[in-house]
Amino acid sequence: MSAECPDPGQGEPQSQALRPGGHYGTLVSGQCPPASTPAPWSLPRWRAYVAAAVLCYINLLNYMNWFVIAGVLLDVQKFFQISDSNAGLLQTVFIGCLLLSAPVFGYLGDRHSRKATLSFGILLWSGAGLSSSFISPKYSWLFFLSRGVVGTGTASYSTIAPTVLGDLFVKDQRTRVLAIFYIFIPVGSGLGYVLGSAVVELTGNWRWALRIMPCLEAVALILLILLVPDPPRGAAEKQGEKAVGTLRSSWCEDVRYLGRNWSFVWSTLGVTSMAFVTGALGFWAPKFLFEARVIHGWQVPDFQEPGSSQDSLIFGTLTVVTGIVGVILGAEAARRYKKVNPRAEPLICASSLLATAPCLYLALVLAPTTLLASYVFLALGELLLSCNWAVVADILLSVVVPRCRGTAEALQITVGHILGDAGSPYLTGLISSALRARRLDSYLQRFLSLQQSFLCCAFVIVLGGGCFLLTALHLERDQAQAQQPDTGTLDSKDMESKGLLSGISASTED
């Protein structure tokens, strides 16, 4: 009497009867057809590119939100009557809330609808940004709180969006798309400065910069809902959710897996050094350039009225141009160099950071002597830093299994911000205030205090280059493990299942 064919929904081997000869169910009899394999998830190429374009547009707005306040920093300080150290704390609150919420969004992004999570994040940051523009100067603490809520909303996008692109594209296509996506980090950052300074020039009120952004973000939300799909995890590698369904694990097991992934660990520390430097530069560079022009006699100091927004506009434009060129150069160099050296990506990151350090140092020390040379070295340093944005994202996606890429992005963001740009603006302002307290109250000493507080960035970036050199030592092994279908940690049920199967297989061999 032949056994019945199993129900398609019941596929666990341990539920099938062991037949004579060591075979399961009716597979030996040949009377039942094999279970049908789910068709791989697919999407027309044009739709994938449209989705990528929408995600790039939202990434632009995301980073404009990060730096629009830095573009009007002098106006904000005078409006709320806050010192340099407290102004640095403003960015620290923003980044701190972002890093605390990133693991939550990483967990949700690996297990629930990424599209819904992204939509919630956009609503959160746009609503908080708009409401912060109506806060009275008597309630500066409320403005700090609103910036924290904006940081919480942006965490959802920074964590999840790269994983969606990783599931839409693969190999060289993914490298190119990530390059375009990460171009909008420096472009968005630069446009944040430009928007803030332009709004001040046109309206005389910095708060209108925060009221324009929600209009652009409403368009982004509509485009996200209509045009961006939510692909299965690992779809681009032909490992849809049904293909990797047996590899579900807890968040703690994902973290343990990532902690043993040395390419991920060292590249995360390298990204942290980049975040430290870009955070300090992004927040304080416009003010540093303004005070340098005062030292050279090109700008009249005015302690009562807001300073000129010209420096924010110049630095923003510089960031946009060097960002576009740098990201393209870095991604293209990685794509070409990978053909002859599989460790190309971390080596390019290390080289660019080690070259950034002397450029940044010269930009700082030459500012009192020749401002033109300072601008040149600052632009070169930003160009070299920008070479890494797309490359480090490609490293993460290539060494981490699709199942926990959202958690990996979240942990990288969290560590990068805790040790990087969450503290660097505040630390820079704190050192500047401490140095100024010991000196005469003059504009020259004020400038030198800020200049010297910046010098630690040159040393931090060297440490980042060393971390990427260590990444290169482990890259090939971790990439090979990530490409194996069974790579990763299993939860307790999966371990029991695999243990049972191993025992059965051993008994049949005997």
Side-chain angles (χ1 to χ4, degrees), residues 41 43 48 51-52 55-56 59 102 105-106 109-110 114 118 157-185 229-241 243-244 247 254 257-258 260-271 274 327 330-335 337-338 342-349 387-416 468 471-472 474-485 487-488:
W41 187 88
L43 188 74
L55 292 175
C56 287
N59 202 36
F105 287 116
D110 279 340
R114 290 180 285 190
L118 290 174
Y157 195 79
S158 300
T159 301
I160 297 173
T163 70
V164 176
L165 290 175
D167 290 332
L168 291 175
F169 303 94
V170 72
K171 295 183 179 179
D172 280 357
Q173 266 190 335
R174 184 165 68 190
T175 300
R176 292 191 182 98
V177 170
L178 285 174
I180 297 172
F181 180 79
Y182 280 97
I183 279 175
F184 290 97
I185 291 182
D230 191 358
R233 280 73 173 172
E237 291 94 342
K238 305 303 180 186
Q239 295 178 1
E241 287 189 36
V244 296
L247 290 178
D254 286 349
Y257 157 70
L258 293 171
R260 295 191 297 266
N261 188 323
W262 287 107
S263 296
F264 171 77
V265 171
W266 287 118
S267 63
T268 296
L269 293 176
V271 170
M274 293 167 53
V327 171
E332 189 62 18
R335 188 183 70 83
Y337 192 27
K338 273 193 295 186
R343 300 177 178 180
E345 292 165 321
L347 292 177
I348 287 173
C349 291
C387 287
N388 292 346
W389 290 118
V391 181
V392 296
D394 214 2
I395 290 174
L396 184 147
L397 293 173
S398 68
V399 301
V400 175
V401 293
R403 173 183 51 78
C404 59
R405 283 175 180 166
T407 298
E409 289 280 357
L411 288 178
Q412 190 168 91
I413 288 172
T414 301
V415 173
F468 280 115
T471 302
H474 303 276
L475 184 74
E476 292 179 90
R477 183 198 65 187
D478 292 332
Q479 283 179 332
Q481 290 180 352
Q483 291 169 3
Q484 296 174 7
T487 300

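All figures in this text were calculated on a predicted structure; none of them were measured in a lab.
For the pair Ser263/Arg477, no side-chain contact is recorded, criterion being any heavy-atom separation below 4.5 Å from C-beta on. For the pair Ser158/Phe105, no side-chain contact is recorded, criterion being any heavy-atom separation below 4.5 Å from C-beta on. For the pair Arg260 and Gln481, the minimum side-chain heavy-atom distance is 4.5 Å or more. Between Leu55 and Tyr157, some side-chain heavy-atom pair lies under the 4.5 Å cut-off. The shortest side-chain heavy-atom distance between Glu345 and Thr471 does not fall under the 4.5 Å cut-off.
No donor-acceptor pair closer than 3.5 Å links the side chain of Arg176 to the backbone N or O of Ala331. Looking only at distances, no side-chain donor or acceptor of Asp478 sits under 3.5 Å from a matching main-chain atom of Val399.
Closest non-hydrogen pair, Ala333 versus Ile348, comes out as C-CD1, 3.5 Å. Nearest approach of Ala51 to Leu168, heavy atoms of both residues: CB-CD1, 4.1 Å. Of all heavy-atom pairs between Cys349 and Ile395, the closest is SG-CD1, 4.4 Å. For Arg405 against Leu397, the heavy-atom pair with the smallest separation is NH2-O, 3.0 Å. Between Phe169 and Ala48, the closest heavy-atom pair is CZ-O, 3.5 Å. Closest heavy-atom contact between Val177 and Ala52: CG1-CB, 4.1 Å.
Atoms CD and CZ, on Gln173 and Arg335 in that order, are 11.5 Å from each other to the nearest 0.5 Å. Thr159 contributes atom OG1, which lies 12.5 Å from atom CZ of Arg114 (distance to the nearest 0.5 angstrom). In this structure, Leu475 CG and Trp262 CH2 are separated by 15.5 Å, a value rounded to the nearest 0.5 Å.
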Donor-acceptor contacts under 3.5 Å from residues 406-416 side chains, at least two apart:
unit_1: Thr407; atom_1: OG1; unit_2: Asp110; atom_2: OD2; d: 2.6
unit_1: Gln412; atom_1: NE2; unit_2: Thr268; atom_2: OG1; d: 3.2
unit_1: Thr414; atom_1: OG1; unit_2: Leu99; atom_2: O; d: 3.2
unit_1: Thr414; atom_1: OG1; unit_2: Ala410; atom_2: O; d: 2.8

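Residues meeting the side chain to side chain donor-acceptor pair (under 3.5 Å) test with Asp394, sequence neighbours left out: Thr175. The side chain to side chain contact (heavy atoms under 4.5 Å, CB included) search around Ile180 returns Cys56, Phe184, not counting sequence neighbours.
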